[in-house]
Amino acid sequence: MSIDLGVTGDFHVHLRDGKMMELIAPTVREGGVSIAYIMPNLVPPITTIDRVVQYKNELQALAPKTTFLMTLYLSKELTPELIHEAAKLKAIAGVKCYPAGVTTNSSAGVDPNDFSDFYPIFKALEEENLVLNLHGEKPSTDKDGEEIHVLNAEPEFLPALKKLHSDFPNLKIVLEHCTTKAAIDTINEINQDNKGPIKVAASITAHHLSLIVDNWAGNPINFCKPVAKLPQDRKALVAAATSGNPWFFFGSDSAPHPLHAKQVHVGVCAGVYTQALAIPYIAQVFDKQGKLDKLKGFVSDFGKQFYEIKEEDLVSKDHTILVRKEQQVPDVVSQGDLKVAPFKAGEKLDFSIEWKSIN
Ligand code: DOR
Ligand code: ZN
């Protein structure tokens, strides 16, 4: 059995910088992914055109056959002029918004209770047909009457998403790494009423299609933000991913951390590393549902449609071929002293990928 998945895309990727980038950037292709949408949460975050261009060049040198789509980090340093200039230079595909403090390297982020300072940026994005990528969580607070915690942080963010969509109806927005039935229902509702092109989409990771609360409580390797939720949430995510609805597409949120930073008792880094086996992990879930026929839409067609990616933007047109061939997830991915634990380390997967060269 083999399935031609065409030119695949992973629309939410963390490739880091320095030694980690050298180790991880080549694993995009190993995981069966052709187009990678790159997150800007480096230290310091990527907020200038020079830096985003430089970062893309570094990545391209490490992974010549991967098409990189770049983003800037939403912060006070961005201006509408900078967005217009970045659009003119085709330097970015979107801007990533992190509420301050919700996850790894988000301290420079924004207050999701009041986005109004950033409305000029959103207007510029809307005018340029660029995308706003939202980390959709409210920051935790234990104040009486407005307790926000890891389990309700995403549902509590959804009114802010709806408000942004109603204030900027032509702005393309992605609610990244959805983890709840509430989020899935909201995205479906927005799209069911919409007759025109998709304006509000959602990305779904590989790990959230497998994990629930129990899998990260006690296992830091599976801890990420937003955290995996309850079985009914996972069920809604699997249904959405395999639905064939084009407003749901793949974004792995693969987020590598050095193994030693995961093996601590306090202050565990959030992030699950899935890049090196991205497509086989997803295929496993689709196969279990008897929905392999819906896989190409999710990992290939829908993301490219939403981002309006053209053939001429691709550095390689090679196709990913999914084959039913067992493989074992390695215990670690490493280079020198640097070690990263992959998702489902040591487990067997039923699928592998091959590349079909297209000129
Ligand atoms: O788990 C996560 N890790 N969630 C994010 O939003 C960021 C990411 C990271 O950069 O490690
Ligand atoms: Zn992320």
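Along the sequence shown, the residues carry numbers beginning at 1. All ligand and atom numbering here is 1-based and tracks the order in the structure.
- Between Ala270 and ligand 1, an N or O atom pair is found at a separation short of 3.5 Å.
- For Phe168 and Tyr119, the distance between ring centers is under 6.0 angstrom.
- For ligand 1, the polar-atom distance check finds no N/O of Ala255 at less than 3.5 Å from any of the ligand's N/O atoms.
- Those atoms of ligand 1 with a heavy atom of Asp253 less than 4.0 angstrom away are 4 (N).
- Open room surrounds CG on Asp142; 12 or fewer heavy atoms of other groups in view lie less than 6.0 Å from it.
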Test log, rule salt bridge (charged side-chain N to carboxylate O under 4.0 Å, His left out), inputs Lys143 and Glu147: CA-CA 6 Å; Lys143 254 198 279 167; Glu147 293 93 348; over 6 Å; no

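- The atoms of ligand 1 that sit less than 4.0 Å from any heavy atom of Cys224 are 1 (O).
- Phe286 pairs in a side-chain contact (heavy atoms from CB on, under 4.5 Å) with only one of the listed residues (Val299, Leu292, Asp293), which is Leu292.
- Atom 4 (N) of ligand 1 has its nearest heavy-atom neighbour, among Lys225, Glu176, His257, His12, in Lys225.
- Within the 6.0 Å centre-distance limit, the rings of Tyr307 and Phe11 are counted as a close aromatic pair.
- Among heteroatoms of the N, O or S kind in Asp253, OD1 lies nearest the Zn ion (ligand 2).
- Each of Val95, Ile83, Leu72 was checked for a side-chain contact (heavy atoms from CB on, under 4.5 Å) with Leu130, and the lone residue meeting it is Ile83.
- Polar contact with ligand 1: absent for Tyr98 (N/O pair, distance under 3.5 Å).
- Using a 4.0 Å heavy-atom cutoff, Arg16 is listed among the residues neighbouring ligand 1.
- Classification of the Phe157-Phe115 ring pair by plane angle, with boundaries at 30° and 60°, yields perpendicular.
- Between His14 atom NE2 and His12 atom NE2, the angle centred on the Zn ion (ligand 2) amounts to 110° (nearest 10°).
- Below 4.0 Å from some heavy atom of His135 lie the following atoms of ligand 1, by number and element: 6 (O).
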